[in-house]
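Accompanying notes for the structure given below.
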There are 2 protein chains.
Amino acid sequence: MTTTDVLRRFNRTYTQRIGALDESFLGLGLPLGASRLVFEIGEAGATVRDLRARLGLDSGQLARQLRRLEDDGLVAMEPDAADRRRRTVRLTAEGRAFRRRLDDRSEQLAERLVAPLTTRQQERLTEALATADLLVRAATVDIRSVHPASVEAKRAVQSYFDELDERFPTGFDPGDHHDDEHMAPGTGAFVVASSDGEPVACGGVQALAPAMGEIKRMWVHPGWRGAGLGSRLLRHLEHVSADLGHRVVRLDTNGTLVEAIAMYERAGYRHIERYNGNPYAQAWFEKDLTDARR
Amino acid sequence: MTTTDVLRRFNRTYTQRIGALDESFLGLGLPLGASRLVFEIGEAGATVRDLRARLGLDSGQLARQLRRLEDDGLVAMEPDAADRRRRTVRLTAEGRAFRRRLDDRSEQLAERLVAPLTTRQQERLTEALATADLLVRAATVDIRSVHPASVEAKRAVQSYFDELDERFPTGFDPGDHHDDEHMAPGTGAFVVASSDGEPVACGGVQALAPAMGEIKRMWVHPGWRGAGLGSRLLRHLEHVSADLGHRVVRLDTNGTLVEAIAMYERAGYRHIERYNGNPYAQAWFEKDLTDARR
DNA sequence: GAGAACCTCTGACTAAAGTCAGAGAATGAC
DNA sequence: GTCATTCTCTGACTTTAGTCAGAGGTTCTC
């Protein structure tokens, strides 16, 4: 059986048996769509814009649904302080109570579903689903080029720095890295991979010399490792670098990042001499892009 | 993370990313429901009754959908020869062509979904989904008591006999087993586990002596082993036996059925002396039900 | 062969979801 | 300051899905 066979077979099993998890939202007085909406708004609230993107609804449709929830006293809406074209939606106390009821229902149904399985089988199921979840999410990650000064880029880079600071024995001080400008479109590129709007990986390319690129700020969210996201991003960055006219690409890394080093080696990078003054770097790599160019 | 957490998280991932597999049915001129119906009818055709059960549709709803498909020239309907209350639905040439287009779409979407993954990752995904599929199916199997002379029981028992005939070096001859009457409600019981209308496991209980039951015809479909269905069925039969007033239950088995023997031992059965003249039996077991009683 | 049970279909609905054009306010770019 | 763009909302639909009672056949049971 091929992957697609299994996937499609699973899809059938799924819609027939687990798909009912969604239907647990029924019977509490709201239609399915409205319940999903309450669930999606969440404890923290959300902007109308976000909801539309996440649920893939027509704007008119969503506006009507929200008004109904407002009339029912489940949500309160107010203009977004930062951008007054937007409106933020927040659950009222009543709305939160309703959401909790939805949550309970869903939980009960999930429990009932797995109840016939032994503990051992439940563990196997958990493991299988977690694996499938990670891989499916990884496969559907959205890889996009953004400006290094954009909010998305900054958030991703911040996560990267935070992790370095934790992992390096001496901590990590990014200095005032105005050099991010080098990764702006034109001379370089910055790429963010995101899932559900959260950055899960990033990386940039800048020019070191004519026809020579450098990959920097490469990072994969800890919860997303082991799904091949790093290699995919690396390959992507190599293509970007090649498109910028580079024939060779270099990068440096710290010795504590052993997984990263292993990945670079697997990807065809070879160790070279120190080529920069980065105080945190302990290994330097180079790869010829001319034959990797698809 | 508990099993239900993972299940529910996966449910979200699923509806957002793979759920679109269903939507691949859209955009070919028929609404989703009608497309699903064409797909479900399949190359072989089906009875209206079957379709209603499989898709969980209201009979009026289904009748209308079918008539629409008939008007569109995609299906042809005729009374069932065996039971003229029923009607069988069959795809016309045009209907089959349409179904193939649906199939292609779905396949393409599945391919596109897994394309970003490496071969190794695709294998992991396949394995994880297959495991999840088996376990979810096993968890949602429908275990029901039926009359041993019913069609369902006979089909399951036939599968059992066929397998014995294959596995025993000397083949297997059931003889004329009028003794199935002993498993009729009142003195005994016969249980069939089915999934999507197909029997996947069965087993019966009959009385050997006052307060002593015997478990017979226990079988699990080969494709369903390793999901704990056997143990679950065995436990179920023990309860049935106990409900019939038995304090002890016995069973016999052939030496070639090594998985079965291991299962009986795990379930607390102990080997005893031959207690019957079954020529195919090579191992005899007994279990005290008085302390196992739920 | 009478009556219960079963299967499918029609009619008459209601509810939910989805579509599309465009109005009105806020913001960003020049 | 003007103009294009963005965001949300309203109105006026159409389509799809789902519900329920009951008619009109067929088959099973005794």
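In the text below, chain A, chain B and the rest are named by the order of the sequence lines, each starting its count at 1.
A:Arg100 has no carboxylate O lying under 4.0 Å from a charged side-chain N of A:Asp104, or vice versa, which leaves the two without a salt bridge. Salt-bridge formation is detected for the pair B:Asp103/A:Arg8: a Lys NZ or Arg NE/NH1/NH2 atom is positioned less than 4.0 Å from an Asp or Glu carboxylate oxygen. Salt-bridge formation is not detected for the pair B:Asp80/B:Arg84: no Lys NZ or Arg NE/NH1/NH2 atom is positioned less than 4.0 Å from an Asp or Glu carboxylate oxygen.
For B:Arg87, a side-chain nitrogen or oxygen approaches OP1 or OP2 of C:dC9 to under 4.0 Å. Regarding contacts with the backbone of C:dT8, a side-chain N or O of B:Arg52 is found under 4.0 angstrom from either OP1 or OP2.
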From CA spacing to verdict: side chain to side chain contact (heavy atoms under 4.5 Å, CB included), A:Val157, A:Trp219: CA-CA 8 Å; A:Val157 169; A:Trp219 167 79; over 6 Å; no
Please report the C-alpha distance between A:Leu125 and A:Leu129 in whole Å, then the side-chain angles of each, then the deciding distance to 0.1 Å, and finally whether the side chain to side chain contact (heavy atoms under 4.5 Å, CB included) criterion is met. CA-CA 6 Å; A:Leu125 181 61; A:Leu129 287 181; 4.0 Å; yes
Can you list the steps and then say if A:Arg137 with A:Asp133 is a salt bridge (Lys or Arg N to Asp or Glu O under 4.0 Å)? CA-CA 6 Å; A:Arg137 280 169 183 270; A:Asp133 191 60; 3.0 Å; yes
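Here B:Leu62 lies out of heavy-atom contact (under 4.0 Å) with every strand.
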What N/O pairs connect the protein and nucleotides 26-30 of chain C at under 3.5 Å? Give each pair on its own line.
residue, atom, partner, partner atom, Å
C:dT27, OP1, A:Arg84, N, 2.9

Report all interatomic pairs (protein N or O, nucleotide N or O of nucleotides 18-23 of chain C) with separations under 3.5 Å.
residue, atom, partner, partner atom, Å
C:dG18, OP2, A:Gln61, NE2, 3.3
C:dG18, N7, A:Gln61, OE1, 3.3
C:dT19, O4, A:Arg64, NH2, 2.9

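Residues B:Glu111 and A:Thr4 have side chains that never bring a donor and an acceptor to within less than 3.5 angstrom of each other.
Closest-nucleotide positions on DNA chain C for A:Leu32 and B:Thr47 were compared, and the one nearer the 5' end corresponds to B:Thr47.
The minimum heavy-atom distance linking A:Thr187 with A:Leu244 is given by the pair O-CD1, 4.0 Å.
Of the candidates B:Arg54, B:Arg52, B:Arg99, B:Glu40 forms a salt bridge (charged side-chain N to carboxylate O under 4.0 Å, His left out) with just one, namely B:Arg54.
Across the protein-nucleic acid pair, B:Arg67 atom CZ and D:dA17 atom P stand 16 Å apart, rounded to whole Å. B:Leu37 has its CG atom 14 Å from the C1' atom of D:dA17, to the nearest Å. The distance from atom CD of A:Gln65 to atom P of D:dT8 is 15 Å, rounded to the nearest whole Å. Separating the CE atom of B:Met77 from the P atom of D:dG25 is a distance of 17 Å, rounded to the nearest angstrom. To the nearest angstrom, C1' of D:dT8 lies 15 Å from CD of A:Glu78. Distance, A:Leu66 CG to D:dT8 C1': 10 Å, rounded to whole Å. Rounded to whole Å, atom C1' of C:dA16 lies 12 Å from atom CZ of A:Arg36. Computed from coordinates, the B:Leu51 CG to C:dC9 P distance equals 11 Å when rounded to whole Å.
Distance from the side chain of B:Arg49 is smallest for C:dC7 among the nucleotides C:dA16, C:dC7, D:dT16.
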